[in-house]
A.B. asks: 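Before we start, here is the structure in question, set down as structure tokens.
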Amino acid sequence: MLVIDDAPDDAMHPFAEYAAETDDERTNEVKFDYYGIAIERHLLRLLQPKRPAFLAKLFGAKCREFVSQARNCEIDIDQSNLGDVAAVLEDGKWHSCPWVNDDSPEMKRWEEEVVRRLRSAPDNVLVTIMNCHL
């Protein structure tokens, strides 16, 4: 899932199962019961690879081309793996991928929609790839 928000935890909270049990007025339809920043799936390709800190470099860390979180202006949208995005959360609204064949016209439109949303987002907004347990 792709979150376009400077506070991804706050944006995700209303959609979590435990949030639905509160009196929080922001609570929307429940979408998942657990979420966190994707640490194993880095889908956002950076325009400039991130260099490791000096100490990390001493321990063998390499430059990173793909990350799970970056400012929109740092992302190479055309080279990112956005076809794997199953949902987008932007401005408090949840947008889901159609569950169809990968080669279908609906899937192609969804991928174009994800790219359009990133292109129209402010340059300095934080973009985060999140894992959600449904």
Side-chain angles (χ1 to χ4, degrees):
M1 123 153 284
L2 184 73
V3 180
I4 303 172
D5 194 293
D6 284 328
D9 273 343
D10 291 345
M12 296 286 284
H13 181 75
F15 297 96
E17 182 176 23
Y18 57 83
E21 297 171 4
T22 70
D23 292 331
D24 187 345
E25 301 242 346
R26 298 178 312 146
T27 301
N28 294 304
E29 183 182 342
V30 172
K31 302 288 186 184
F32 49 82
D33 61 5
Y34 169 80
Y35 65 92
I37 294 177
I39 56 173
E40 72 283 346
R41 300 202 67 214
H42 305 294
L43 304 178
L44 304 173
R45 185 175 189 148
L46 298 173
L47 291 167
Q48 299 269 322
K50 281 196 181 209
R51 301 194 187 286
F54 177 75
L55 191 54
K57 194 173 183 178
L58 287 176
F59 287 102
K62 306 283 185 210
C63 287
R64 295 184 333 192
E65 290 183 65
F66 287 89
V67 296
S68 294
Q69 190 174 57
R71 295 282 168 196
N72 198 29
C73 61
E74 299 173 322
I75 300 169
D76 185 341
I77 296 171
D78 294 326
Q79 297 298 314
S80 292
N81 297 324
L82 301 174
D84 291 340
V85 172
V88 175
L89 180 56
E90 180 182 28
D91 298 326
K93 293 185 177 80
W94 185 281
H95 309 276
S96 293
C97 168
W99 295 106
V100 293
N101 183 323
D102 285 349
D103 297 329
S104 71
E106 291 90 356
M107 201 61 182
K108 181 70 174 158
R109 282 194 292 276
W110 169 251
E111 291 174 24
E112 291 168 355
E113 176 70 11
V114 173
V115 168
R116 186 193 65 74
R117 288 185 180 284
L118 268 181
R119 288 194 194 287
S120 65
D123 282 346
N124 207 34
V125 73
L126 191 61
V127 177
T128 308
I129 300 293
M130 303 290 267
N131 279 342
C132 301
H133 180 260
L134 303 175

A.B. asks: Check the pair His13 / Tyr35 against side chain to side chain contact (heavy atoms under 4.5 Å, CB included), numbers first and verdict last.
C.D. replies: CA-CA 9 Å; His13 181 75; Tyr35 65 92; 4.2 Å; yes
A.B. asks: Check Cys97 against Val85 and note the closest heavy-atom contact, atom names and distance.
C.D. replies: CB-O, 4.2 Å
A.B. asks: Do the side chains of Ser68 and Ile37 get nearer than 4.5 Å, heavy atoms only?
C.D. replies: yes
A.B. asks: Specify the closest pair of heavy atoms between Ile75 and Leu44, including all atoms of both residues, with the distance to one decimal.
C.D. replies: CD1-CD1, 4.1 Å
A.B. asks: Enter the distance from Gln48:CD to Cys63:SG here, rounded to the nearest 0.5 Å.
C.D. replies: 10.5 Å
A.B. asks: Salt bridge (charged side-chain N to carboxylate O under 4.0 Å, His left out) between Arg117 and Asp91: does it pass, once the steps are laid out?
C.D. replies: CA-CA 11 Å; Arg117 288 185 180 284; Asp91 298 326; over 6 Å; no
A.B. asks: If you define the side chain from C-beta out and look only at heavy atoms, does anything of Arg119 sit under 4.5 Å from Ile77?
C.D. replies: yes
A.B. asks: Kindly check if the number of other-residue, nucleotide or ligand heavy atoms within 6.0 Å of CZ (Arg64) is above 12?
C.D. replies: no
A.B. asks: Should the heavy atoms of other residues, nucleotides or ligands under 6.0 Å from CG of Leu58 be counted, would the total exceed 12?
C.D. replies: yes
A.B. asks: Could you state whether Val67 and Leu126 fall into the same hydrophobic cluster, counting links through intermediate Ile, Leu, Val, Met, Phe, Trp or Tyr residues with side-chain heavy atoms under 4.5 angstrom apart?
C.D. replies: no
A.B. asks: Looking at every heavy atom in both Ala11 and Leu89, which two are closest together, and how far apart are they?
C.D. replies: O-CD2, 3.3 Å
A.B. asks: Heavy-atom distance under 4.5 Å between the side chains of Trp110 and His95, does that happen here?
C.D. replies: yes
A.B. asks: So, are Glu113 and Arg116 salt-bridged, with charged N and O less than 4.0 Å apart?
C.D. replies: yes
A.B. asks: Within the structure provided, determine whether Lys62 and Pro49 are in side-chain contact (heavy-atom separation under 4.5 Å).
C.D. replies: no
A.B. asks: Does Val115 belong to the same Ile/Leu/Val/Met/Phe/Trp/Tyr cluster as Leu46, with side-chain heavy atoms less than 4.5 Å apart forming each link?
C.D. replies: yes
A.B. asks: So do the side chains of Met1 and Val3 get within less than 4.5 Å of each other, counting heavy atoms only?
C.D. replies: yes
A.B. asks: Would you give the length of the straight line joining atom CD1 of Ile129 to atom CG of Leu2, rounded to the nearest 0.5 angstrom?
C.D. replies: 4.5 Å
A.B. asks: Identify the two heavy atoms, one from Met130 and one from Asp9, that lie closest to each other, and give their separation to 0.1 Å.
C.D. replies: CE-OD1, 4.2 Å
A.B. asks: So, do Ser80 and Leu82 sit near enough that their side-chain heavy atoms are less than 4.5 Å apart?
C.D. replies: yes
A.B. asks: So Val125 and Asp5, do their side chains get closer than 4.5 Å, heavy atoms only?
C.D. replies: no
A.B. asks: Locate the shortest heavy-atom distance separating Phe66 from Arg45; write the atom from each residue and the value.
C.D. replies: CE2-CB, 3.5 Å
A.B. asks: Could you give the distance from CD (Glu111) to CG (Asp84), rounded to the nearest 0.5 Å?
C.D. replies: 8.5 Å
A.B. asks: Please confirm whether the backbone N or O of Asn72 pairs with a side-chain atom of Asp123, one donor and one acceptor, at under 3.5 Å?
C.D. replies: no
A.B. asks: Can a donor-acceptor pair be found, under 3.5 Å and without considering hydrogens, that links the side chain of Glu74 to the backbone of Arg71?
C.D. replies: yes
A.B. asks: Minimum heavy-atom separation for Cys73 to Leu47, with atom names?
C.D. replies: O-CD1, 3.3 Å
